[in-house]
Protein chains: 2
Amino acid sequence: MSQAPDFRPVDEQVGYLLKKAASALRAAMDDALRPLDLTVSQYACLELLRQQPGLSGSELARAMFVSRQSMNLVLKGLERRGLLTRSAVPPHGKALPTELAPAGLAKLAAANEAVSAVEKTMLSALSPEAERRMCADLTTFAAALTNLAGDAEPE
Amino acid sequence: MSQAPDFRPVDEQVGYLLKKAASALRAAMDDALRPLDLTVSQYACLELLRQQPGLSGSELARAMFVSRQSMNLVLKGLERRGLLTRSAVPPHGKALPTELAPAGLAKLAAANEAVSAVEKTMLSALSPEAERRMCADLTTFAAALTNLAGDAEPE
DNA sequence: ATGAGCGTGTCAACATGCTGACATGAGGAG
DNA sequence: CTCCTCATGTCAGCATGTTGACACGCTCAT
């Protein structure tokens, strides 16, 4: 009951640094994408769709760690701008497969070019080895937390 | 101009993993803090205030990577619940120094206990050395991105 | 002293994301 | 076949965070 349970300053705690890094990355990408009229969410959605065409809204939502409803709004916006296409009628169940339209592919190419500057900057700060290590550590980290949420949930 | 600019699957890219880890951490903390009627923002605010009593709203906002306005809402809520106190009149300029109230300190102690379970889980997944390394890498990472935003801004 | 510049707190409008709820379609248990 | 369960898309309401704008108080150059 003394008064030093964990007095480590916040900027030495993994959680805080994680938030700081994620926040900085998001801001940088936002700046890079603003001239193209794309938000980070929209860009991520397009890129995901390029790598895995035919994903449904719910699948995209899970991949991007947001709710179905939020993803639905993003998809509607992108569809209205002609950047992607969704089957009008569900070929199976209620899931609507989504794919990039030609305009979306072009937009994505421009976006990737804009983002590559940010990527280059952030990766140049890390050695290739450090980058690989960080990916592995982040994956481990996320897996541990996800399992915790999944297991501790019932009670 | 071929079609393989960066086809590395998203779950091997630092940015994606960063978002994934941050998202998982936030969800886990949210679960841990919900029984105490605290959001992650509120908890972070209290903890920050314990480590650095007397911070103003704007200073807290910067430390937490949100706008002054958002922080103001958080502070109002915590003040109304009697968890912190703000000078009624600004002792200097317009900045209102904020400090933890006794109730806030008690609440924070309970919150820290709840959060420690999450911390233990996530840190047990990483070796102490990996943790230290990760902190260093994340700091480097964030610094590179912050400088980018600061420099590229003018043009 | 006076004015410009800056940081701060606050109000308003807007954007984004979430939870809750509902209908629908597929698949399995009886 | 019928009922139950589950995943999906969608609507509504709410919470949180952001930008834009303004007033105020300090500081510094003139």
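Side chains included, hydrogens not; waters and symmetry mates left out as well; all remaining heavy atoms used.
For C:dG17, the OP1/OP2 oxygens have a side-chain nitrogen or oxygen of A:S41 closer than 4.0 Å. OP1 or OP2 of D:dT18 has at least one side-chain nitrogen or oxygen of B:S67 nearer than 4.0 Å. For the OP1/OP2 pair of C:dG27 and a distance below 4.0 Å, the side-chain nitrogens and oxygens of A:H92 include at least one atom meeting the criterion. Listed pair A:S70 / C:dC18 meets the phosphate criterion, a side-chain N or O lying under 4.0 Å from OP1 or OP2.
Atom CZ of A:F65 and atom C1' of C:dC18 are 17 Å apart (whole Å). Between the CE atom of A:M71 and the C1' atom of D:dA7 there is a distance of 17 Å, rounded to whole Å. As a whole-Å value, the separation of A:R34 CZ from C:dA15 P is 15 Å. Rounded to whole angstrom, the span from the CG atom of B:L73 across to the P atom of D:dC14 amounts to 17 Å. Atom CG of A:L75 and atom C1' of C:dG17 are 14 Å apart (whole Å). With rounding to whole Å, B:R26 atom CZ is found 13 Å from C:dG17 atom P. Computed from coordinates, the A:D30 CG to D:dG17 P distance equals 16 Å when rounded to whole Å.
B:L126 meets the side-chain contact (heavy atoms from CB on, under 4.5 Å) test with A:T140, A:F141, B:A130, B:M134; sequence neighbours excluded.
Salt-bridge formation is not detected for the pair B:R62/B:E59: no Lys NZ or Arg NE/NH1/NH2 atom is positioned less than 4.0 Å from an Asp or Glu carboxylate oxygen. A salt bridge between A:D37 and A:K107 is absent, with no side-chain N of the basic residue lying under 4.0 Å from a carboxylate O of the acidic one. For the pair B:R50 and B:E47, the salt-bridge criterion is met [side-chain N within less than 4.0 Å of a carboxylate O].
Residue A:M29 forms a side-chain contact (heavy atoms from CB on, under 4.5 Å) with just one option from A:V115, A:T39, A:L38, and that option is A:V115.
We find the CG-CG distance between B:L78 and B:L84 to be 5.0 Å, quoted to the nearest 0.5 Å.
For the residue pair B:T121 and A:A144, the shortest heavy atom distance occurs at CG2-O, 3.9 Å.
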Q: Summarise how protein sits on nucleotides 1-13 of chain C as a single string, 5' to 3': B when a protein heavy atom is under 4.0 Å from the base, S for sugar-phosphate-only contact, - for no contact.
A: ------BBBBB--
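Each of A:V74 and A:P91 was matched to the nucleotide of DNA chain C holding its nearest heavy atom; the match closer to the 5' end belongs to A:V74.
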